[in-house]
**Q** 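One structure is given below, represented as structure tokens, and several questions about it will come after.
Worth saying up front: this structure is predicted, and the values here are computed from it rather than measured. A, B, ... follow the sequence lines: proteins, then strands. Residue 1 opens every chain.
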Amino acid sequence: MSEKYKEYKGLNLVDIEKNIQNYWKQEQTFEQSMKIREGNKPFIFFEGPPSANGKPGIHHVMARTIKDIFCRYKSLKGYYVSRKAGWDTHGLPVELGVEKQLGITKEDIGTKISVEDYNKACRESVMQFKDLWDKLTEQMGYWVDLNDPYITFTNEYIESVWWLLGEIYNKGLLYKGYTIQPYSPAAGTGLSSHELNMPGCYRDVKDTTCVAQFKICNKQTKENEILNRLGKDIEKAYFLAWTTTPWTLPSNTALAVGDKIDYCCVESFNPYTADSIIVILAKNLLYTHFKKETENADFSAYNKGDKDIPWKLLFECKGKELVGIDYEQLIPWIRPQESEGEAFKVISGDYVTTEDGTGIVHIAPTFGADDARVAKLSNIAPLHLVDKNGKQQPMVDKSGKFFLMEDLDEEYVNKYIDKDLYKKYEGRFVKNAYDTTLTEKDATLDVDLSVELKMENKAFKIEKHTHSYPHCWRTDKPVLYYPLDSWFIRTTEIKDKLISLNKTINWKPQATGTGRFGNWLENLVDWNLSRSRFWGTPLPIWRTEDGKEEIFINSVQKLSEQIDKSIQAGFMKDNPYKTDDYNAFDLHRPYIDKVILVSESGKPMKRESDLIDVWFDSGAMPFAQRHYPFECTTEELKAKYFPADFIAEGVDQTRGWFFTLHAIATMVMGDVSYKNVVSNGLVLDKQGNKMSKRLGNGVDPFEMMNKYGADATRWYMISNSQPWDNLKFDPEGIDEIRRKFFGTLYNTYSFFALYANIDAFAYKEQEIEYNKRPEIDRWILSLLNTLIKDVDNDLNDYEPTRAARRISNFVCEDLSNWYVRLCRRRFWKGEYTEDKISAYQTLYRCLEIVSQLGSSFAPFFMDEMYRNLNNVSHRHEFASVHLTEFPQYNDNEIDKDLEARMNLAQKICSLVLSLRKRHNLKVRQPLAKIMIPCDATTKAHIEKVKNLILSEVNVKEIEYLDLHNNVLSKTIKANFKTLGPKYGKIMKSLAAKIVAFTQEEIAELETSGSYSLDIDGTAVVLELNDVEIATKDIEGWVVANEGQLTVALDVTITDALRKEAVSRELVNRIQNIRKDNDFEVTDNIIVKIENDELLAAAVEMYRDYICGETLTKELTLVDTIANPTTKIDIIECKELAIEITKA
RNA sequence: AGUCGCGUAGCUCAGUUGGUUAGAGCACUACACUGAUAAUGUAGGGGUCGGCAGUUCAAGUCUGCCCGCGACUACCA
């Protein structure tokens, strides 16, 4: 055979990766790997679409490595793993990027720039970094089909999204609602929850808070037990309610209590006005508002301004009894409209707690999401104003100030507003930040209102309070919660189904599924789909102006049909959507907004102007990526594309993609969207800080891969910590992996290649029978088979970290450090015998299987190694490791006894070496024997690995000592596991007693098998397994022990041993000189050495050995050497000249 | 603010159903070894297992409360 195993000058992962990359491209290896598995059982994988308008970061390497590992693994297992790439192209991040790029704001869109041009800019920007992403994909070895990706902005994709939403619409799960949403008055736009969760949005702010007194009405509409008990005192009775936003108090229309909460009625004084009052608040919070010490103090002794205010408890009641009680409007500027419901009543609120405040919650339905919800349940009117257009508005306009009366409907103002009172406050900004003329130092509306309440005996307590509050990331100003019109999916209605289906999903880690995701589902709210933006999937609902008639468009065809009708009705002139060519039209704004449809009754219908949440886009990908149901039947979908067997993304997607996939699949298919999901943690910087542009601590993935290689980067990320734990990313860690793991594997391969080339081993011989292989071969094969089994199980369980660590451990510890080290001689010594072939075959197989097992993790290096091996042996028909089948383990080759034996051998060697070290005896100095006290079974074990031990530690023989031999001294310890349960209480003294046993007592226990004693009056009978006995010392020997194992070493150096040592030293020196002088491994030499008595004796006895080891043809001792090569120092205190020449 | 996760050697991580003296790699120090040599071995120093209580004969491991970090959720007044 002329073919040779490739040899290297050094390990260069980056070069190897480039070569393999080219090879893959040339041979279309990825395509081949798909093709050969076509028709096999599919393993369905969904690629979560990244957004190509941002640069890829190192965390993308993490997420994609995980995806790649399992897709490659399943491919090796024979599955057909289709991997369609995708791009997320819509949404706010895109729009904001474009705004920034063009230097415009939202208000400019449609004025300074047309929607058409703006969307064009978005469409272009969205693929801005596509090339960089493709480069990342390629360089990191992520196999995904980039040729036919799904792109969310295509008409086909949008059409599928429409269709899916149509299914949801048809099930009655889509509705339009008026809800409270985060809104930035300064930016004039509503904000998505996504925007509120940008870093730094929530900030601690100090606000003026107020506990207000809501006066109980003495003209009740209904009889009430509580009111009866108050009797005449009703005149001075109040509810106490706390608010952190006093500016919402004028919009108060109800108070909420918890049905089951205990409340109490207290008589006291108002601390500001000293008026006599009776107040109602939650019992649990009594002492946060009233001092314990002043209970039942002397009321008559109280003077205005006294710090200690007397109070007494009148009676207690349940929240339920308070429900229905009327109170007077706190700030009577504006009356709510009767047509919208009742007002100023106590209602029951399920979310009321007694954690803070008073246990009674002020309800302003126009400014709080919970407020609006409970108010609606109890038919409470929100405080709405009517503007000039006749539209209902909250008290605050979109710029963040109280409405000016001039902006309101005149008739309304006359009827509902107390102009004299309101005049003072109209136009006032609710937060100073919204008013460009005000600063932090100016009095806030909150303060002014609180002061006014204080004067009127309506404020019980006013104080500053610090809490975290969201800010608009664009303007840096606080957000307002504000009622806006939106479309919702009634996800709450399918909550139970979502929860029960979630229980069938295998989450990695499990806690994310049950905890973070499970809890989220338990507390699910309806999904707000609306986004009032420009670049996104338009909501395909057309409505008449009065909202009474509407149509949902779920396909281009339906759109076209409806347009035709509309043309007939005269609302439209032409139909741009009447074509089968999907490149001929655009479903985006502004084109879609030009479509006016006709209602059943012949009225014009306009599109609801909203776009839909981009998260719906990505959650729709299982269907939309195949243009389902237009170009893919349900049967086809279910057979090949749905649901996914596996998906993986960052844990931050839990409420994002993981949720939208789950929700859409549940609603549309009534099934899970994915069966297994891995959610990986964050990639943090070296110090454990989150990577961010602001801190500039991000890591460039290309820099890492160019420096250390993609394989090392991948291996580092997977093996360093579990994917779901956060990874503290340290480049030095990658370098360590490169040196430690890849370096060792490379060395092992190089060692193999060097000698296999010399011997022309090409795996052409018959496989040496397992039973004929030596012990050490069978040992490494046993570990190898165990490794296959374990790695297979780990990957099947989605535990990549365990698998990678196992492979690494096998390579570094077992294969390199033990097998190769002990077997070196077999490779470079002697004839091409069966033993040598066995060694080659064994090592070859280990390398080959490591390349297969590791190929999912380090696809480049492992392919290189596999190819180097296979190109010579041609054992496999496949040219790439990625085309092979995952190896099968062979149970017959797993021998646990053998593994245990070898473990014993390793321990013994390590003990002997430590003894040598302690007594300063070089390994090259042979020693006579070691002694090991042990029983018959252990002896039998050691016998089988005896030769390995002897050669490894350079000792002539092993002698076994009987355990009862009287030269041994022993130690004894209690076995807590067996004794603990039996003698719990006296364990401590018992253990102490046992440790103190004399040699005689130990001997008695050992011979009779039991020993009775008395501890603190308790009789104890010890049996052999209740204690652990180990030998400690052997008289006259040097001894080391670890656990139960004891080894003694004979350190006497006889004359013969001394000579042998000298001969070995000589061999060593000659070898070094050969190497220093760059002799070939096969060169024969002639050696002359300066004469010496000891040396002469050694040479006489070991001449053959010395010459054989060093390929010396002539070895002579001479008196003087004219041109010595160098000097050697093998005899103590003596330097001898030596000359070596090629023969 | 709440929920979840994490906290073990200077660094990165293991640590089984609670059980004896808490481990590995890197780094550091010393000594060896040297037909794998840009390797390797042995030994050593380095720990209040985040803190405090509790359960137990026995807690890194179980429980509670704090502290720090992170994520998620949220103007529950």
**Q** Strictly distance-based, threshold 3.5 Å: is any side-chain N or O of A:N757 a donor or acceptor partner for the main-chain N or O of A:A753?
**A** yes
**Q** Summarise protein proximity over nucleotides 61-67 of chain B in one line of letters, 5' to 3': B for base, S for sugar-phosphate only, - for none, counting protein heavy atoms closer than 4.0 Å.
**A** -------
**Q** When both hydrogen-bonding distances must be under 3.5 Å and the geometry is Watson-Crick or G-U wobble, what is B:A14 paired with, if anything?
**A** none
**Q** For A:L843 and B:A36, give me the distance from atom CG to atom P, rounded to whole Å.
**A** 13 Å
**Q** Can you name the nearest heavy-atom pair linking A:I949 to A:C909, along with the distance?
**A** CA-SG, 4.0 Å
**Q** Look at the side chain of A:S816 against the base of B:A36 and say whether a donor-acceptor pair falls under 3.5 Å; ignore hydrogens and angles.
**A** yes
**Q** What is the distance, rounded to the nearest whole Å, between atom CZ of A:R1064 and atom C1' of B:C33?
**A** 13 Å
**Q** Look through every strand shown and name the nucleotide pairing with B:A36 as Watson-Crick or G-U wobble, where both distances are under 3.5 Å.
**A** none
**Q** Expressed as a whole number of angstroms, how long is the span from A:E7:CD to B:A36:C1'?
**A** 12 Å
**Q** Taking atom C1' in both B:A9 and B:G25, what distance in whole Å separates the two?
**A** 12 Å
**Q** In whole angstrom, give the distance that lies between atom CD of A:E813 and atom P of B:G25.
**A** 7 Å
**Q** Under 4.0 Å, counting only non-hydrogen atoms across every strand here, what does A:A974 touch: a base, just sugar-phosphate, or nothing?
**A** base
**Q** For the pair made of CZ in A:F827 and P in B:A36, what is the distance, rounded to whole Å?
**A** 11 Å
**Q** Under a 3.5 Å cut-off for both distances, is B:U42 Watson-Crick or wobble paired, and to whom?
**A** B:A30
**Q** For B:G64 and B:U56, measure between their C1' atoms and round to the nearest Å.
**A** 16 Å
**Q** Taking A:T243 for its side chain and A:T245 for its backbone only, find out whether a donor-acceptor pair lies under 3.5 Å.
**A** yes
**Q** Can you measure A:Q925 atom CD to B:A32 atom C1' for me and round it to whole angstrom units?
**A** 15 Å
**Q** Going by purine N1 to pyrimidine N3 plus the second Watson-Crick contact, or the G-U wobble pair, all under 3.5 Å, which nucleotide sits opposite B:G60?
**A** none
**Q** Under the 3.5 angstrom rule, does the side chain of A:R805 hit a backbone N or O of A:S719 as a donor-acceptor pair?
**A** yes
**Q** Locate the shortest heavy-atom distance separating A:W724 from A:P509; write the atom from each residue and the value.
**A** CB-CD, 3.4 Å
**Q** Would you measure the distance from the P atom in B:U48 across to the matching atom in B:A43 and give it in whole Å?
**A** 24 Å
**Q** Write down the distance separating the P atoms in B:G45 and B:C52, rounded off to the nearest Å.
**A** 26 Å
**Q** Let me know the distance between CG of A:D814 and P of B:U40, rounded to the nearest Å.
**A** 16 Å
**Q** What's the closest nucleotide to the side chain of A:Y481 if the choices are B:C75, B:A36, B:G25?
**A** B:C75
**Q** Does A:A433 offer a backbone N or O that forms a donor-acceptor pair with the side chain of A:K477 under 3.5 Å?
**A** yes
**Q** Using both distances under 3.5 Å as the test, list the Watson-Crick or G-U wobble partner of B:A9, or none.
**A** none
**Q** Using a 6.0 Å cut-off, check whether atom CD of A:E732 has over 12 heavy atoms from anything other than its own residue.
**A** no
**Q** For the residue pair A:Y8 / A:D15, report whether a side-chain donor-acceptor contact shorter than 3.5 Å exists.
**A** no
**Q** May I ask which nucleotide in the shown strands pairs with B:U3, Watson-Crick or G-U wobble, both distances under 3.5 Å?
**A** B:A71
**Q** Should A:N1068 be listed as having a side-chain N or O under 4.0 Å from OP1 or OP2 of B:C33?
**A** no
**Q** Is the distance from OP1 or OP2 of B:A36 to the nearest side-chain N or O of A:R824 less than 4.0 Å?
**A** yes
**Q** In the strands shown, is B:G47 matched to any nucleotide by a Watson-Crick or G-U wobble pair with both distances under 3.5 Å, and which?
**A** none
**Q** Determine the Euclidean distance between corresponding P atoms of B:C26 and B:A22; express it in Å to zero decimal places.
**A** 22 Å
**Q** Would you mind reading off the distance between A:F659 atom CZ and B:U73 atom C1', rounded to a whole angstrom?
**A** 14 Å
**Q** So if I apply the ring pair (Phe, Tyr, Trp, His ring centres under 6.0 Å) rule between A:F827 and each of A:Y844, A:F751, A:F752, which one comes out positive?
**A** A:F751
**Q** Both distances under 3.5 Å, Watson-Crick or G-U wobble: report the partner of B:U21, or none.
**A** none
**Q** With nearest nucleotides of RNA chain B determined for A:S750 and A:G357 from heavy-atom distances, which residue corresponds to the more 5′ nucleotide?
**A** A:S750
**Q** Would you indicate which nucleotide in B:A36, B:G25, B:A27 comes nearest to any side-chain atom of A:E736?
**A** B:G25
**Q** Look at the rings of A:F742 and A:W715 and say which category their plane angle falls in: under 30° parallel, 30 to 60° tilted, over 60° perpendicular.
**A** perpendicular
**Q** Could you check which of B:G19, B:C26, B:G41 has an atom nearest any side-chain atom of A:F976?
**A** B:G19
**Q** Remember a base hit wins even if backbone is also touched, and classify A:N747 as base, sugar-phosphate or nothing at under 4.0 Å, heavy atoms.
**A** base
**Q** Which pair of heavy atoms, one from A:T801 and one from A:P723, lies closest together, and at what distance?
**A** OG1-CD, 3.1 Å
**Q** Need one value for A:F752: base, sugar-phosphate or nothing, where a base atom within 4.0 Å counts as base even if backbone is also close, heavy atoms only.
**A** nothing
**Q** Looking only at atom C1', what distance separates B:C49 and B:A59, rounded to whole Å?
**A** 11 Å
**Q** Quick check: closest heavy atoms across A:H362 and A:A241, and the distance to 0.1 Å?
**A** N-CB, 4.1 Å
**Q** Closest approach to the side chain of A:Y755, judged atom by atom: which nucleotide of B:C26, B:C75, B:A36 is it?
**A** B:A36
**Q** Using the P atom on both, measure B:G47 against B:A58 and round to a whole Å.
**A** 27 Å
**Q** Output every pair passing salt bridge (Lys or Arg N to Asp or Glu O under 4.0 Å) with a member in residues 361-370 of chain A, not counting sequence neighbours, ordered by first then second residue.
**A** A:D370-A:R373
**Q** Looking at A:R739, does any N or O in its side chain come under 4.0 Å of the phosphate oxygens OP1/OP2 on B:A27?
**A** yes
**Q** Which letters describe nucleotides 1-13 of chain B, given B = protein heavy atom under 4.0 Å from base, S = only from sugar-phosphate, - = neither?
**A** --S--------SS
**Q** Using the P atoms only, state how far B:G70 lies from B:U17, rounded to an integer number of Å.
**A** 31 Å
**Q** RNA chain B: A:R1074 or A:G10, which has the more 5' nearest nucleotide?
**A** A:R1074
